Amino acid sequence: ADFKVNMHDLDSVLALGPAIPGGVDHVVICAGHSSFGDISRFDGKAWYENFHNKLLCVSRTALLLINGKELKLVRDGGSVTITSGLAARTTSRSWPAISANCAALDAFVRCAGSSPATRVPNRLLGRHTTPTSP
């Protein structure tokens, strides 16, 4: 079944736990919105919104799923996969915003699971994927 979630709304994300009482084995997060265009088209507000709509919403949702404190959804031994994108490692004048989002999500996945002391027992984090390849 599909469940709709507004990742901007913390209560909407947290409502997944009660909506799926048995939990799930895996979650793939392929969501968010980034802006395209030359750096000159952004102002301070547009730049902030770019990160809020992708990096902040996706990483917060992943954090909630991984740590299992506020949102108990992923079963022990399950996984959370975040999709980022080719823009994290491709140069384009029109991609400063999307590339920053994708690179930050890749770094989040690498760093959040890099230390055994920070890993949540029985939960796998270290996965990210790019839906397209060069």
Side-chain angles (χ1 to χ4, degrees):
D2 292 333
F3 295 90
K4 294 186 184 233
V5 177
N6 178 354
M7 291 185 356
H8 286 266
D9 179 9
L10 179 60
D11 291 333
S12 177
V13 176
L14 295 176
L16 281 173
I20 310 170
V24 297
D25 291 321
H26 309 285
V27 174
V28 176
I29 302 174
C30 181
H33 172 278
S34 266
S35 300
F36 291 87
D38 187 86
I39 194 75
S40 63
R41 77 173 281 281
F42 293 92
D43 59 16
K45 181 180 178 189
W47 190 251
Y48 174 82
E49 287 173 354
N50 170 69
F51 288 103
H52 185 262
N53 289 328
K54 178 101 175 148
L55 173 62
L56 298 177
C57 287
V58 169
S59 62
R60 177 179 69 179
T61 301
L63 168 101
L64 292 167
L65 290 164
I66 292 158
N67 73 22
K69 293 177 185 175
E70 296 171 87
L71 176 59
K72 297 187 186 324
L73 184 65
V74 180
R75 294 182 195 114
D76 285 348
S79 67
V80 176
T81 300
I82 296 173
T83 62
S84 59
L86 184 62
R89 44 186 199 283
T90 304
T91 303
S92 171
R93 290 181 55 100
S94 297
W95 289 5
I98 185 67
S99 65
N101 269 313
C102 292
L105 287 172
D106 287 355
F108 169 79
V109 170
R110 283 192 315 273
C111 294
S114 66
S115 168
T118 61
R119 283 188 174 221
V120 177
N122 301 319
R123 190 118 344 126
L124 170 66
L125 163 63
R127 297 208 312 204
H128 62 92
T129 186
T130 304
T132 56
S133 58

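Note that the structure is predicted; figures quoted are calculated from it, not measured.
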Query raised in the report: Do His33 and Asn50 have side-chain N/O donor and acceptor atoms under 3.5 Å apart?
Result: no

Calculate, to the nearest 0.5 Å, the distance between atoms [atom1] and [atom2] belonging to [X] and [Y] respectively.
{"X": "Ser84", "Y": "Arg89", "atom1": "OG", "atom2": "CZ", "value": "7.0 Å"}
{"X": "Trp47", "Y": "Ser35", "atom1": "CH2", "atom2": "OG", "value": "9.0 Å"}
{"X": "Lys72", "Y": "Asn67", "atom1": "NZ", "atom2": "CG", "value": "8.5 Å"}
{"X": "Ser40", "Y": "Arg93", "atom1": "OG", "atom2": "CZ", "value": "7.5 Å"}
{"X": "Ser59", "Y": "Ile29", "atom1": "OG", "atom2": "CD1", "value": "9.0 Å"}
{"X": "Ser99", "Y": "Phe36", "atom1": "OG", "atom2": "CZ", "value": "9.5 Å"}

I need the minimum non-hydrogen distance between [X] and [Y], along with the two atoms involved.
{"X": "Cys57", "Y": "Thr61", "answer": "O-OG1, 2.9 Å"}
{"X": "Lys54", "Y": "Ser34", "answer": "CB-OG, 3.9 Å"}
{"X": "Cys30", "Y": "Thr83", "answer": "CA-OG1, 3.2 Å"}
{"X": "Ala103", "Y": "Ala88", "answer": "N-CB, 3.5 Å"}

Any donor-acceptor pair under 3.5 Å linking the side chain of [X] with the backbone of [Y]?
{"X": "Ser79", "Y": "Val27", "result": "no"}
{"X": "Asp38", "Y": "Arg41", "result": "no"}
{"X": "Lys69", "Y": "Leu64", "result": "no"}
{"X": "Arg75", "Y": "Gly22", "result": "yes"}
{"X": "Asn53", "Y": "Gly32", "result": "no"}

Determine, using the 4.5 Å side-chain heavy-atom cutoff (strictly less than), whether [X] and [Y] are members of one ILVMFWY cluster.
{"X": "Phe42", "Y": "Ile98", "answer": "no"}
{"X": "Ile39", "Y": "Phe51", "answer": "yes"}
{"X": "Ile66", "Y": "Val24", "answer": "yes"}
{"X": "Ile20", "Y": "Val13", "answer": "yes"}
{"X": "Leu65", "Y": "Leu105", "answer": "yes"}

Query - Close side-chain approach of Met7 to Leu56, heavy-atom, < 4.5 Å - result: no

Query - Close side-chain approach of Leu71 to Leu16, heavy-atom, < 4.5 Å - result: yes

Query raised in the report: Would His26 and Thr81 count as a side chain to side chain contact (heavy atoms under 4.5 Å, CB included) if you check the C-alpha gap in whole Å, the side-chain angles of each, and the deciding distance to 0.1 Å?
Result: CA-CA 8 Å; His26 309 285; Thr81 300; over 6 Å; no

Query raised in the report: For the residue pair His52 and His8, does the interplanar ring angle fall in the parallel (under 30°), tilted (30 to 60°) or perpendicular (over 60°) class?
Result: tilted

Report task. Could you pull out all residues at least two apart from Asn6 that satisfy side chain to side chain donor-acceptor pair (under 3.5 Å)? Result -> none

Requested in this report: List the steps and the verdict of side chain to side chain contact (heavy atoms under 4.5 Å, CB included) for Val58 and Phe108.
Outcome: CA-CA 10 Å; Val58 169; Phe108 169 79; over 6 Å; no

**Report entry** Members besides Leu63 in its Ile/Leu/Val/Met/Phe/Trp/Tyr cluster (side-chain heavy atoms under 4.5 Å)
**Finding:** none

**Report entry** Evaluation steps, side chain to side chain contact (heavy atoms under 4.5 Å, CB included), between Asp25 and Val74
**Finding:** CA-CA 6 Å; Asp25 291 321; Val74 180; over 6 Å; no

